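So that the names make sense, note that chain A is the first sequence line, chain B the second, and so on, each numbered from 1. Owing to the predicted nature of the structure, the values given are computational and were not obtained by experimental measurement.
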2 protein chains.
Amino acid sequence: MSEILERRARLLGPHMTTFYREPVRVARGKGVWLWDTNGRQYLDCYNNVPHVGHCHPRVVEAISKQASELNTHTRYVHDLILDYGEALVAKFAHDLESMVMVCSGSEANDVALRMAQAMNGKTGIIGTDNTYHGNTTAVSQLNSSKVPIGGYLDHIRQVPAPDNLAPVGGTRAEQAEAFAAGVENAIAELEASGHGVSALIVCPYFANEGFPTLERGFMDRAISAVRKAGGLIIADEVQPGFGRIGSHWWGHEKLGFAPDIVTLGKPMGNGHPVAAVVTRHDVLTCFQEQFKYFNTFGGNPVSAAAAMAVLNVIEEEDLVANAADVGAYALGLLTEVAKRHDVIADVRGSGLFFGAELWRDGKPATELCALMVDEMRDRGVLLHSVGRHDNTLKVRPPCVFSHANADQLADTLDAALEVVA
Amino acid sequence: MSEILERRARLLGPHMTTFYREPVRVARGKGVWLWDTNGRQYLDCYNNVPHVGHCHPRVVEAISKQASELNTHTRYVHDLILDYGEALVAKFAHDLESMVMVCSGSEANDVALRMAQAMNGKTGIIGTDNTYHGNTTAVSQLNSSKVPIGGYLDHIRQVPAPDNLAPVGGTRAEQAEAFAAGVENAIAELEASGHGVSALIVCPYFANEGFPTLERGFMDRAISAVRKAGGLIIADEVQPGFGRIGSHWWGHEKLGFAPDIVTLGKPMGNGHPVAAVVTRHDVLTCFQEQFKYFNTFGGNPVSAAAAMAVLNVIEEEDLVANAADVGAYALGLLTEVAKRHDVIADVRGSGLFFGAELWRDGKPATELCALMVDEMRDRGVLLHSVGRHDNTLKVRPPCVFSHANADQLADTLDAALEVVA
């Protein structure tokens, strides 16, 4: 391993992160399973890229077939991007009927911010603290303090994201009020500074913020305030989207709001680099009139075929229902585990996106959480940590996760906590 | 066709461009050939995405095989990205030994600009007029006048790109001097404004600018001036790279300079969305220390496999030599055609990136050039136009282009000119 890590540091730089104290050198994947180069098997409880399971044969076949027939840039007319796009926008309950296909969630959010600006001419952006929306120069500023050329940190207001325990905590109603107050305050500041409010961008599951349990309507007051100020609502569905949360196809539906722009990424092509911005026709038209935009690879025949296969597999294998069913079962198991371990302060989540928040001695147990991540890895279960204090174990497996997989996860967690806590 | 164009406008927006008066509805590709949904065959003389030929079986096999074994995000350790990266950086004659893998040339240039800023802390960028480096918010400003949030047009200086006829023209030496003077002027302005010079970014083939014929050493004076001012040199090799120009693997080698940062895109994966930034180890390290960066899809196992297959095919089929051989032959044919048609004012290019500039009545023949593009399409040959006045026919086919393909191109051009001119 040390030889390959040296090669990696030399070629990819010393700060190219890997997961785990002892990184996993992966060789093969199938469904929820990964194998390393020594043939050791791991239960993948973290990876939302292979949304319908590692190497799903339907997706592999779609990619292989289309790659052998045609793959080219997107300035010719090709049917697949239209077939896919129409199937995709049909998954939205409100008036989102147009889209831009791109290669990554980062490119999607980069476009979304320009769409909002095109619509209202304003330049202030409201996001949450402890978030992540991507890696382009423009988008990375939503979660960074290093100012690139054209830095617009002055245009960004990071409002406190909700959480169930701390630092926000309180009742569900108080949490919603605190969030709305944060947004209203940001609006006032952006208007006073002359920027105005162009957009509120949130992950409607607040995934990186620790995926707090929120009630339907949570966003309502904040959204009214943004709309009243002329701003648009961007829902970054890269993590909760495509049915992962079980109760709905999209995070914004669960919270009961209708964004103007939705961005999609990681799970869309089961690993193939494809992503999209879905929006209203008027928003797309306005964007195209003000900012010229063309994406060579976005929605090319193979990308469209991969994305279409993912959509079909979700339907045919009823994976949204599976996420709801197995997710509820797993949450029940974790609740039992929590009864035996005081360090578990909260168990929460929806569908196949859940976890356990760890506290010790009245404080977020950040260090313990990191030890747990490595201990689980050593025991053959891959997950990771998240949240403001990085003290929440995050479980976000391929959506073909089963009851037996959930059993293994819970049993391993139980045993690991015995040792680590 | 009108039904599909309506679907396209509704779904992808009214301003999603297509090529040609009568767009081509592509269905299938093989080598240099494309077929539309009616089974009509076209000679693809334009498409640099399928660098080693449409649907090259080696690339298709590599993608299919790897997609069936493993595709995931890039935070695990996987051998393929290292095997590929080491093979790629070995293709550079100077000290570029590290890389970042991304999904698109746009993402690559977006990173490259931050790398330069990380190295020198300066914020001025020099590019050329009539260029294109990508579609992200940051990069798109190099060729746009619409100011996004965080707009930094004040930090950008667009210097006149070289050209052989007009508006620059003159002797080769005069053209080089004009370019250097433009860069020196930009440096003075950026220093006076307090921005300083962070980077000079150019396509070393000046592809969008009309690929003028330039002599080795053309950039020398300009580069000295930029380096003296503390700036870095970024070569955007998305168009000339990977041996297309025949005489060298990279455009910068042909002009005889050693960039600090090279960006790669379109041809890298023969259509698979993969791209890269290649640079020195110290530049990558400095970038990583100042800007956190992680790319989920960039260099994932399938992307690395596709890119590796392309590199192998270029070697095994000796495509750089083919580009040189067939390119020279085709240029000879075009020179003969030019003798029969006064509207051809210049024939130029290198390897499989060449074309003919059209003038009429002492002026750039922009309209005639557009008519020719459509006439050629109607005759089954796909090419396009480029340059400041959009009056240069651009030929940039897959690198498996043959003598017979060149004959067909020249004959068709000859016949089309008879009719159109």
Next on the checklist: Looking only at heavy atoms and a cut-off of under 4.5 Å, which of B:A27, B:P23, B:G299 has the most pairs with chain A?
Outcome noted: B:A27

Next on the checklist: So A:R114 and B:S140, do their side chains get closer than 4.5 Å, heavy atoms only?
Outcome noted: yes

Checklist entry - Can you check whether A:H272 reaches B:H272 side chain to side chain, under 4.5 Å on heavy atoms? => result yes

Checklist entry - In Å and rounded to the nearest 0.5 Å, what is the NE2 to CG distance from A:H78 to B:D36? => result 11.5 Å

Checklist outcome for this item: Bottom line for A:V274: the part with an atom under 4.5 Å from chain B's heavy atoms is backbone

Checklist entry - In terms of heavy-atom pairs under 4.5 Å, which option from B:L82, B:V49, B:I81, B:V59 contacts chain A the most? => result B:L82

Checklist entry - What's the spacing between B:Q66 CD and A:S64 OG if we round to 0.5 Å? => result 11.5 Å

Checklist entry - Aromatic rings B:H73 and A:F19: how do their planes relate, parallel, tilted or perpendicular, breaks at 30° and 60°? => result perpendicular

Checklist entry - Is a donor on one side and an acceptor on the other found under 3.5 Å between the side chain of B:N300 and the backbone of A:G271? => result yes

Checklist outcome for this item: Applying a strict 4.5 Å limit to non-hydrogen atoms, the region of B:V147 in contact with chain A is backbone

Item to check | Contact leader toward chain A among B:L5, B:V89, B:V24, B:T18, where contacts are heavy-atom pairs under 4.5 Å | outcome: B:V24

Checklist outcome for this item: One option among A:I4, A:V302, A:D44 has the most heavy-atom pairs under 4.5 Å with chain B, and it is A:I4

Checklist entry - What part of B:Y84 is in contact with chain A, defined as an atom under 4.5 angstrom from a non-hydrogen atom: side chain, backbone, both or neither? => result neither

Item to check | B:K30, part contacting chain A, at a heavy-atom distance under 4.5 Å | outcome: neither

Item to check | From B:C103 atom SG to A:F297 atom CZ, the distance as rounded to the nearest 0.5 Å | outcome: 9.5 Å

Next on the checklist: I need the residue from A:K65, A:M1, A:K292, A:M99 with the largest number of non-hydrogen atom pairs under 4.5 Å to chain B.
Outcome noted: A:M99

Item to check | Contact origin within A:E86 toward chain B - heavy atom pairs under 4.5 Å | outcome: both

Checklist entry - Checking heavy atoms, do the side chain of A:F287, its backbone, both or neither come under 4.5 Å from chain B? => result neither

Checklist entry - Any sub-3.5 Å donor-acceptor pair from B:E69's side-chain atoms to A:R28's backbone N or O? => result no

Next on the checklist: Between B:Q288 (side chain only) and A:L12 (backbone N and O only), is there a donor and an acceptor less than 3.5 Å apart?
Outcome noted: yes

Next on the checklist: Using side-chain heavy atoms (C-beta onward) and a distance below 4.5 Å, is A:S144 in contact with B:F291?
Outcome noted: no

Checklist entry - What distance do B:L113 atom CG and A:T137 atom OG1 have between them, rounded to the nearest 0.5 Å? => result 6.5 Å

Checklist entry - What part of B:V26 is in contact with chain A, defined as an atom under 4.5 angstrom from a non-hydrogen atom: side chain, backbone, both or neither? => result both

Next on the checklist: I need the minimum non-hydrogen distance between B:I149 and A:Q117, along with the two atoms involved.
Outcome noted: N-OE1, 3.0 Å

Item to check | Sub-4.5 Å side-chain heavy-atom contact between A:R25 and B:D79 | outcome: yes

Item to check | Side-chain touch A:V77/B:R8, heavy atoms, less than 4.5 angstrom | outcome: yes

Item to check | A:Y76 side chain reached by B:N47 side chain, heavy atoms, under 4.5 Å | outcome: yes

Item to check | Per-residue contact mode, A:N48 against chain B (heavy atom under 4.5 angstrom) | outcome: neither

Checklist entry - Given a strict heavy-atom distance threshold of 4.5 Å, which part of B:D83 is in contact with chain A: side chain, backbone, both, or neither? => result both

Checklist entry - Between A:H281, A:H54, A:E289, which shows the greatest number of heavy-atom pairs under 4.5 Å with chain B? => result A:H281

Checklist entry - Do you see a donor-acceptor pair shorter than 3.5 Å between the side chains of A:D110 and B:T136? => result no

Next on the checklist: If you count heavy-atom pairs within less than 4.5 Å of chain B, which of A:G150, A:G85, A:P301 leads?
Outcome noted: A:G150

Checklist entry - Which atoms of B:L382 come close to chain A, meaning under 4.5 Å heavy atom to heavy atom: side chain ones, backbone ones, both, or neither? => result side chain

Checklist entry - Is the closest side-chain heavy-atom distance between B:L11 and A:E97 below 4.5 Å? => result no

Item to check | Portion of B:M16 that has a non-hydrogen atom of chain A nearer than 4.5 angstrom | outcome: both

Checklist entry - Cut-off 3.5 Å, side chains only: do B:N295 and A:S104 have a donor facing an acceptor? => result no

Checklist outcome for this item: Under 4.5 Å to a heavy atom of chain A? For B:Q141 that would be neither

Checklist entry - Using non-hydrogen atoms only, which part of A:L80 is less than 4.5 Å away from chain B: side chain, backbone, both, or neither? => result neither

Checklist entry - Looking at B:A118, B:A9, B:S68, which has the largest count of heavy-atom pairs under 4.5 Å with chain A? => result B:S68

Next on the checklist: What's the separation between atom OH in A:Y46 and atom CZ in B:R75, rounded to the nearest 0.5 Å?
Outcome noted: 6.5 Å

Next on the checklist: Among B:P273, B:G13, B:G124, which residue has the highest count of heavy-atom pairs closer than 4.5 Å to chain A?
Outcome noted: B:P273

Next on the checklist: Donor-acceptor check, side chain of A:S98 to backbone of B:R10, threshold 3.5 angstrom: yes or no?
Outcome noted: yes

Item to check | Within 6.0 angstrom of B:K146 NZ, more than 12 heavy atoms from elsewhere | outcome: yes

Checklist entry - Which atoms of B:V111 come close to chain A, meaning under 4.5 Å heavy atom to heavy atom: side chain ones, backbone ones, both, or neither? => result neither

Next on the checklist: Please rank B:A306, B:A275, B:P14 by heavy-atom pairs under 4.5 Å with chain A and give me the top one.
Outcome noted: B:P14

Checklist entry - Which region of B:D154, side chain (C-beta onward) or backbone (N, CA, C, O), has a non-hydrogen atom less than 4.5 Å from a non-hydrogen atom of chain A, or is it both or neither? => result neither

Checklist outcome for this item: Between the OH atom in A:Y293 and the CG atom in B:N135, the distance rounded to the nearest 0.5 Å is 3.5 Å

Checklist entry - Does some side-chain heavy atom of A:T296 sit less than 4.5 Å from a side-chain heavy atom of B:K266? => result yes

